[in-house]
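This structure is a prediction, so every number in the text was calculated from the model and none was measured. Lettering of chains follows the sequences in order, A, B, ..., and the numbering in each one begins at 1.
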Protein chains: 2
Amino acid sequence: MYIFAQLFNNIVKLMDKKQVIIPDKTTEERILDAARTVFTRNGFAAARMEDIAKEADMNRALLHYYFRSKQKMFEVIFEENLKHFFENFLNILTTEEELEIKIRKLVTAEIDMLLKNQYLPLFMLNEMNRNSEMIKERLFQIPQKQLIPEFIVQVEKEIRKGTIKKVAPMHLLINIISLCIFPFAGKPMMMTISGINQKQFELMMEDRKKIIADLIISSIKK
Amino acid sequence: MYIFAQLFNNIVKLMDKKQVIIPDKTTEERILDAARTVFTRNGFAAARMEDIAKEADMNRALLHYYFRSKQKMFEVIFEENLKHFFENFLNILTTEEELEIKIRKLVTAEIDMLLKNQYLPLFMLNEMNRNSEMIKERLFQIPQKQLIPEFIVQVEKEIRKGTIKKVAPMHLLINIISLCIFPFAGKPMMMTISGINQKQFELMMEDRKKIIADLIISSIKK
DNA sequence: GTCTATAATTTGATAGAC
DNA sequence: GTCTATCAAATTATAGAC
C-alpha cells in the first residue's frame, strides 16, 4: 500500500524540483546513499545531519526515524567502507597466485577500486586515527591477523627458493600500499601542485598501475 | 611589570598542581603550543576550544582574548604547519645537488621531519581536502609552481644525457612522496595490522630511509 | 591579563500533527 | 512514513568583575 504513496510522493517531487530522483529506491536506501556520500567525504566530526538530509532531499527528523542517531548511522557506513577498503585487497593477497602476477593484480585491483571511491582512503585513515572504541573493536575483528602473515610466508618462501632478492616482506607490502593509496589521499595536494584536473588525475592513476607494478617487481627481481 | 605577575602566577600554579610549567613562556606561546597539539592531532572540525584550553592549562575566555576566534587561531597553526610540511622538502628539491644524492637527502630529511611531527601528514591531507577558501588561497601562494618544474627539468636533463633510465619525472616525484608520507598517515592502520608498537614503528621508519632511497634509485639507474 | 558567568549559535534528537 | 515545531546539549564567543 505505502509503496504507491511513496512512488507518488517521489513523482511529485520529481515534477516539482525538476530533478531526477530514482523512484524505486526505498527511503532507507536514499538515506544510506546520502550518508555514505557525506560521511565518506567529510568524516564523522565534520559531517552534519542537515547535510545528509539535504543530500537525500528530506528532513532531519526522518534520518532519526530510520537510524535513531548520527552515531548509529555512521556505524553502518563505517562498516560498509571498512569492508570495501580491505576485502578485495586481502582476498587477492592470499590467493595461490605466483608472486609477480599477484603483485600486478593487487595494484590494478586496488587502483580500480579507489578510482571508484576516491574519498575512501582519507576517510579510512582519519577514522582509524580517531581513538574511537567502536572503531578499534572493529579493526581487531578484521582477519588481517591471518592474511598478512600468509603473504609474508609466500615472500619468504620465494626468497629461500632464490627466485627473488632478499627483501623485507613487510616493507614490500607497505611499499605497494603506499604507492597505490597515497595519491588518492593526497589528491587535492597533487592536483594543486601539478595543476592537473580531475580527468587528468584519473588518467595519471591509470598509468600508475603499470608504473607501480613495474617498480615493485623490478625491485625484487634478481 | 606584568611579566613578574605572570611569572609569579606560573610559579604558584607550578606549586599548586605539582606540574612542570615552563615559566618563561608567554601566555600567547602557551596557547599556540596547545593549539598546535590539538589542531594537528584532531583537525579543525574535531578540535574543541575546551580541549585547547585544557592543554594550555587555562580557560577558554583567554583563548578568545588572544586570538578572538577558533578560526583565526586555526589559521595561525595552519600557516605554521603548511610551511613546516613543505619548506624543507622543496628546498632540497631545488638544490644543485646530483640527482642520486638529492633523492637520498630528500627521503632522509622528509622522514626525519615526519618522525618529529607524526600527525602532520594527516592534518595536511585533511585540511587540503576540505574546501575552505582560506586554505585554497594559501596553497596557491606556495612557490611550488616554480620549484616542482625545476626538479622535473633536472630529471629530464639526466634522461637526455643518458645517465638515468627514461622515467616520467612527475611519477618519480609522486613515488618518493608516497613512500615517505603514507606510513605516517596510515600509522594507526600499520600498527594494528602488523601488531607493532610506537617504538617499533619509529625503528621501521628509520629502516625505510635506506629502503625507499634504494628502491627509487635502482628504478632509475641504467 | 585572567577569571567566572552568561549569551548566542549550532547541532543532534524528540514530540506530535497529518 | 513524513513533516513542522521544539527541546536539549554542546560549543563558540562575549561581558564584566577582579
Side-chain angles (χ1 to χ4, degrees), chain A residues 1-14 16-17 21 23-35 38-39 42-77 132 134, chain B residues 1-14 16-17 21 23-35 38-39 42-77 132 134:
Chain A
M1 206 54 178
Y2 90 89
I3 195 77
F4 289 107
Q6 189 173 5
L7 197 65
F8 175 72
N9 219 322
N10 282 332
I11 290 169
V12 168
K13 275 185 195 161
L14 200 143
D16 190 37
K17 312 191 82 184
I21 293 172
D24 57 348
K25 283 214 172 182
T26 65
T27 303
E28 188 171 335
E29 282 170 333
R30 280 172 54 213
I31 294 175
L32 282 177
D33 287 348
V38 174
F39 277 134
N42 302 336
F44 181 81
R48 297 281 162 261
M49 293 301 268
E50 178 61 29
D51 300 337
I52 297 172
K54 228 178 241 167
E55 177 77 27
D57 194 31
M58 59 184 64
N59 60 46
R60 277 172 297 165
L62 210 44
L63 306 182
H64 285 98
Y65 176 80
Y66 277 88
F67 291 92
R68 194 161 191 90
S69 72
K70 181 184 174 185
Q71 178 63 33
K72 285 195 197 307
M73 207 159 85
F74 176 79
E75 285 175 18
V76 176
I77 300 300
S132 144
M134 169 254 154
Chain B
M1 206 57 180
Y2 88 91
I3 194 79
F4 289 109
Q6 189 174 5
L7 196 67
F8 175 73
N9 219 322
N10 283 331
I11 290 169
V12 167
K13 275 184 193 160
L14 201 144
D16 190 37
K17 311 190 86 183
I21 294 171
D24 57 346
K25 284 212 172 185
T26 66
T27 303
E28 189 171 335
E29 281 170 335
R30 280 171 55 212
I31 294 175
L32 282 177
D33 287 348
V38 174
F39 278 133
N42 302 336
F44 180 81
R48 299 281 161 261
M49 293 299 268
E50 178 60 29
D51 300 338
I52 297 172
K54 228 179 242 166
E55 178 77 27
D57 194 32
M58 60 184 65
N59 61 45
R60 277 171 298 166
L62 210 43
L63 306 182
H64 285 96
Y65 175 80
Y66 278 88
F67 292 92
R68 192 161 195 90
S69 71
K70 181 184 175 186
Q71 177 63 33
K72 286 195 197 306
M73 207 160 84
F74 176 79
E75 284 175 19
V76 176
I77 300 300
S132 145
M134 169 251 154

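Between Leu63(A) atom CG and dG12(C) atom P the separation is 10 Å, expressed in whole Å. Between the CZ atom of Phe74(A) and the C1' atom of dG12(C) there is a distance of 16 Å, rounded to whole Å. For the pair Tyr66(A) OH and dT14(C) P, the computed distance is 17 Å after rounding to whole Å. Atom CZ in Phe67(B) sits roughly 12 Å away from atom P in dG1(C) (whole-Å rounding). Summarising the geometry, the separation between CD1 on Ile52(A) and C1' on dT10(C) is reported as 16 Å, rounded to the nearest angstrom. The CG atom of Leu62(A) sits 14 Å away from the C1' atom of dA13(C) (whole-angstrom rounding). A straight line from CD1 of Ile31(A) to P of dG12(C) spans 15 Å, rounded to a whole angstrom.
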Readout for nucleotides 4-18 of chain D: B = base within 4.0 Å of protein heavy atom, S = sugar-phosphate only, - = neither; 5' to 3' it is B------SBBBB---
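A 4.5 Å side-chain heavy-atom check between Phe44(A) and Gln71(A) finds at least one atom pair inside the cut-off. The shortest side-chain heavy-atom distance between Phe39(A) and Lys70(A) falls under the 4.5 Å cut-off.
A distance of 9.5 Å separates CG of Asp57(B) from CD of Glu55(B), quoted to the nearest 0.5 Å. For the atom pair Thr27(A) OG1 and Tyr66(A) OH, the distance stands at 4.0 Å (nearest 0.5 Å). Here the straight-line distance linking atom CZ of Arg48(B) with atom NZ of Lys54(B) works out to 12.5 Å at 0.5 Å rounding.
Glu29(B) pairs by the salt bridge (charged side-chain N to carboxylate O under 4.0 Å, His left out) definition with nothing, not counting sequence neighbours.
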